[in-house]
Structures are given as C-alpha cells and as structure tokens.
Amino acid sequence: MRRVYLDHAATTGVDRDVLEKMTPYFSDTFGNPNSLHSFGREAEKAVTSSRDAIAKLLGCKPNELYFTSGGTEADNWAIKGIYTAYKNKGNHIITTKIEHKAVLASCQRLQKDGAEITYLDVDKYGTVDLEQLKNSITDKTILVSVITANNEVGTIQPIAEIGRICKERGVLFHTDAVQAIGAVDIDVKRDNIDLLSLSAHKVYGPKGIGALYIRNGVKCDRYISGGSQERGMRAGTTNVPLIVGMAAAFEKAVLNSEENNKKLIRLRDELIQRIEAGIPNSYLNGHRINRLPNNVNFCFEFVEGESLLLMLDMQGIAVSSGSACTSGSLEPSHVLSAMGVPPEIAQSATRFTFGRENTMEDIDYVVECLKKNLMTLRAMSPLFKQEKGDAKHV
Ligand SMILES: *Cc1c(COP(=O)(O)O)cnc(C)c1O
C-alpha cells in the first residue's frame, strides 16, 4: 500500500545528513563539554560551533541562545522566567487565543500566582488585531507573547509590526517560532524580538532538543537549577549530539529555504485548489497568503475529522485532526473557535502538512481517497441527507 505522510507539523524524521553529523557525538566524541580535558574540549567545540551556526541564522549573538529539551520547555521558560523576573514591575501578560498549548498552559499556571493575562482575539483568518494589542498594553504589562506561525492553520502573524509596537511601548516580546524556522524569514534584531522559542524535530532534526533566545539585557529567571551549564541558566549535562543535530537541521532548513518553500507552496496550493474545485462544502481554514508553505487545513461539513483521519490512515495517509496535542479530546480546536468557526464545523477540521519527500503523485492519491471517504461519511450523515433533500426543493 502507498504510504503518504502529511503530518510534518507534528514531527518529521531526522534527515540522513543530520543523522550522520550527530552520530559521532554519541559514542566517539562523547566527552562532557564541561570537562577540562581533551575529551571535554572536543565536545565543547561541537557545541560552540552549533551555537554559533544557529545564532547566525537568527541574527543574534551565540551567548543569547540557551539550549532546552524542546519547544515546550522554551515556551514555559520564556513565560514563567519573565514573570518571575519582572512581576514586581507588573503582573500583566498579553498573549493570543491561538497560541500553542505550551504558552497557553504556562499563562494559565501564572494566573494562579496572580498574573493577569489578556488573550487577544484573531480575525477569521487567524491573524491578531494590532489595534487590540496596542489598546491592551498598560503600565502593568511586562510581556507580549505571539506565535510566529500557527501550528494548526498555518497563519503567519505580523511579527515585525508586533515587535515595533512592543519596543515603542517598552514591553518585552516573545514569539514561539517552532513552526516558522525555515518557512518565515526571521531576524531577531531587525524584528525587535526579545525572546524566541525553537525546536528541532519539526524541521528534520532530533526530538528532545530546542532553544530559547533571550536578548542580552533581558532579565529572565533561570529555569533549571544545578550546574553551570548554559551560563548557569539551564543546568543539566549538555546534550551534545542533539545540539549538533539541531544546528545541522536548521542550517539545511534555512539555507535551502527558498527552494524548499517553492516546492512546498506548489504542493500546498495544488491540494487547496483540487479540494476547493472537487469537494463541495469544504472550507479552507487560515490565511490564503500569509500561510506556512507546507500547511493545508480544511473543514469538511457533515463529517467528523476523527472518522476521516481513521479512514485515511487505513489507506496509508497520515493527517491530523485539529492539532496532535489536542487529539484524543473531543473539544473543538481552540484555534478554530477563536477564528469563529462554529463547533459543529470545527470538529471536521483536517490538517495536511507537507514535507520535503512529498510529490504531486501523493496529492493525486490523497484527493482520490478524500473524495471516496467523504462520500461514504456524508452518506451516513442525517444532516447531509437533509441538506441534499432541501436543495432539491429550492
Ligand atoms: C511542536 C510545537 C511546540 C512544542 O515543541 P516540542 O519540541 O515538541 O516540545 C511548541 N510550539 C509550536 C508552535 C509547536 O508546533
């Protein structure tokens, strides 16, 4: 059976070149970078050059990067670390209704400690309202956190404008750029970003490694206490092979981004066009243009996303209904709710995220299966029958 993986926003496989660069650091160059002997120095050299490479890609200094266990930890650290460091200045944080759960849950946790959180609305395309942002900033506001590109619907936010507003108003700006690396042109200095979260495994790097950029001069509380690793900010023996892997994966993603994105956009737009032309009662979620190159997200009226996912899975096609982190719960996606999609339609949301190995033939197969499955599922839906019946009388 043909197998088509269209869930690259959930995770990707490690790129073979990346794996090859990481491999020596497991068993050959295994030293602890904190050790002073040659074994340690060799490992330290690899960490330093990886940090330099990632810093260069982001436009920051190497000593502004702190390695973490992934995007979730980076988000938690940014939100909680800034709150702890600045809560005497103010207890107000502004974020959005469409953040990743790592940001939303961190904010909810701080609410218990006395933080006041404003959750900004988005329009029907999932874009934040800059006027509402401006109007929400008070003299108690310490941090604004807005995701660079949404992981469910792919909408890209006006990050540079948000950075400018925050700078003008003297408020710190954090962005979760986990989905954006390689897809969106990011320069933390140009865009006035104070903190930025990263993860390797969404761009063909290993799972379990990420980073938080903290601009020099920003006070952020240390996250894990212990040894002196990461300049005393995040203790724990340095994960050398994964750091090497993250740098290699980011370099490949960013340096080849133009070519990668051109190919992804062609696949993305072809699938959007074929669904809109061939499948009635289907609605594209997210922004048509300000959109991640690899993201397609549709609602298919009269269908349950979970049922469609399972049927596609039996045909070898991997997609996501809502986001992988919320699947398993029957709650409609918080992102689609914020965009004003009614719950009965939101529950049919299906996300297709492309990757480097996908082809136009994959799209032929996916569209063929989609049409078949939707016909089967809709034939079982009393609402669909009713609608069709009504239509006959019009
Ligand atoms: C995947 C993801 C995360 C979490 O990153 P992990 O490395 O899996 O912890 C955070 N934010 C966004 C937008 C993501 O897509």
Side-chain angles (χ1 to χ4, degrees), residues 5-14 18 54 65-80 95-109 122 126-128 145-157 159 162 174-184 186 193 195-213 223-224 234 236 239 242-243 245-247 249-250 253 285-287 290-297 318-328 333-336 338 349 351-355:
Y5 185 75
L6 293 181
D7 205 10
H8 293 81
T11 196
T12 56
V14 175
V18 169
I54 299 170
L65 276 178
Y66 301 84
F67 293 117
T68 67
S69 66
T72 300
E73 185 188 320
D75 284 342
N76 272 264
W77 186 5
I79 306 284
K80 294 171 182 171
T95 185
T96 79
K97 291 182 178 166
I98 58 149
E99 295 304 304
H100 189 273
K101 288 276 156 109
V103 166
L104 289 177
S106 295
C107 288
Q108 280 152 13
R109 176 66 189 81
V122 294
T127 310
V128 294
S145 179
V146 178
I147 192 165
T148 315
N150 182 265
N151 47 301
E152 289 186 36
V153 299
T155 303
I156 299 169
Q157 302 298 333
I159 287 306
I162 297 170
H174 165 252
T175 188
D176 174 338
V178 170
Q179 291 286 340
I181 195 84
V184 179
I186 295 171
I193 297 166
L195 302 107
L196 178 137
S197 301
L198 293 167
S199 175
H201 75 94
K202 308 284 174 71
V203 284
Y204 305 90
K207 295 168 189 52
I209 186 78
L212 180 64
Y213 150 78
Y223 197 61
I224 295 182
R234 201 276 187 186
N239 198 333
L242 268 62
I243 289 170
M246 178 158 74
F250 281 6
N285 296 310
H287 200 284
N290 297 330
R291 179 181 202 97
L292 286 174
N294 74 338
N295 176 295
V296 174
N297 188 316
V319 300
S320 161
S321 60
S323 85
C325 314
T326 49
S327 67
S333 139
H334 67 284
V335 176
L336 294 174
R351 181 185 71 182
F352 311 81
T353 44
F354 291 100

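Note that the coordinates shown come from a computational prediction; the quantities given were computed from them, not determined experimentally. All ligand and atom numbering here is 1-based and tracks the order in the structure.
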Could you check whether Asn76 and Ser106, counting side-chain N and O atoms only, form a donor-acceptor pair closer than 3.5 Å?
yes
For atom 1 (C) of ligand 1, which candidate among Lys101, Lys202, Glu73 provides the closest heavy atom?
Lys202
Given Val103, Asp176, Thr68, which has its nearest heavy atom closest to atom 13 (C) of ligand 1?
Asp176
What atoms of ligand 1 come within less than 4.0 Å of a heavy atom belonging to Gly70?
7 (O)
Tell me which part of Val178 gets within contact of ligand 1: side chain, backbone, both or neither, using heavy atoms under 4.0 Å.
side chain
Ligand 1 and Gly71, any nitrogen or oxygen pair closer than 3.5 angstrom?
yes
Which heavy atom in Ile186 sits nearest to a heavy atom in Leu196, and how many Å separate them?
CG2-CD1, 3.9 Å
ring-ring contact (aromatic ring centres under 6.0 Å, His included) involving Tyr66 - partner list, sequence neighbours excluded:
Trp77
If you take all heavy atoms of Ala200 and Pro206, which pair is closest and at what distance?
CB-O, 3.5 Å
For ligand 1, which atoms sit closer than 4.0 Å to a heavy atom of Ile147?
13 (C)
Could you tell me which residues satisfy ring-ring contact (aromatic ring centres under 6.0 Å, His included) with His8, sequence neighbours excluded, listed by chain and number?
Tyr5
Here the atoms of ligand 1 under 4.0 Å from any heavy atom belonging to Asn151 are 13 (C), 15 (O)
Out of the candidates Asn151, Asn295, Asp7, Asn297, only one should pair with Arg351 under the side chain to side chain donor-acceptor pair (under 3.5 Å) rule; please name it.
Asp7
For His201, the ligand 1 atoms whose distance to one of its heavy atoms is below 4.0 Å:
6 (P), 7 (O), 8 (O)
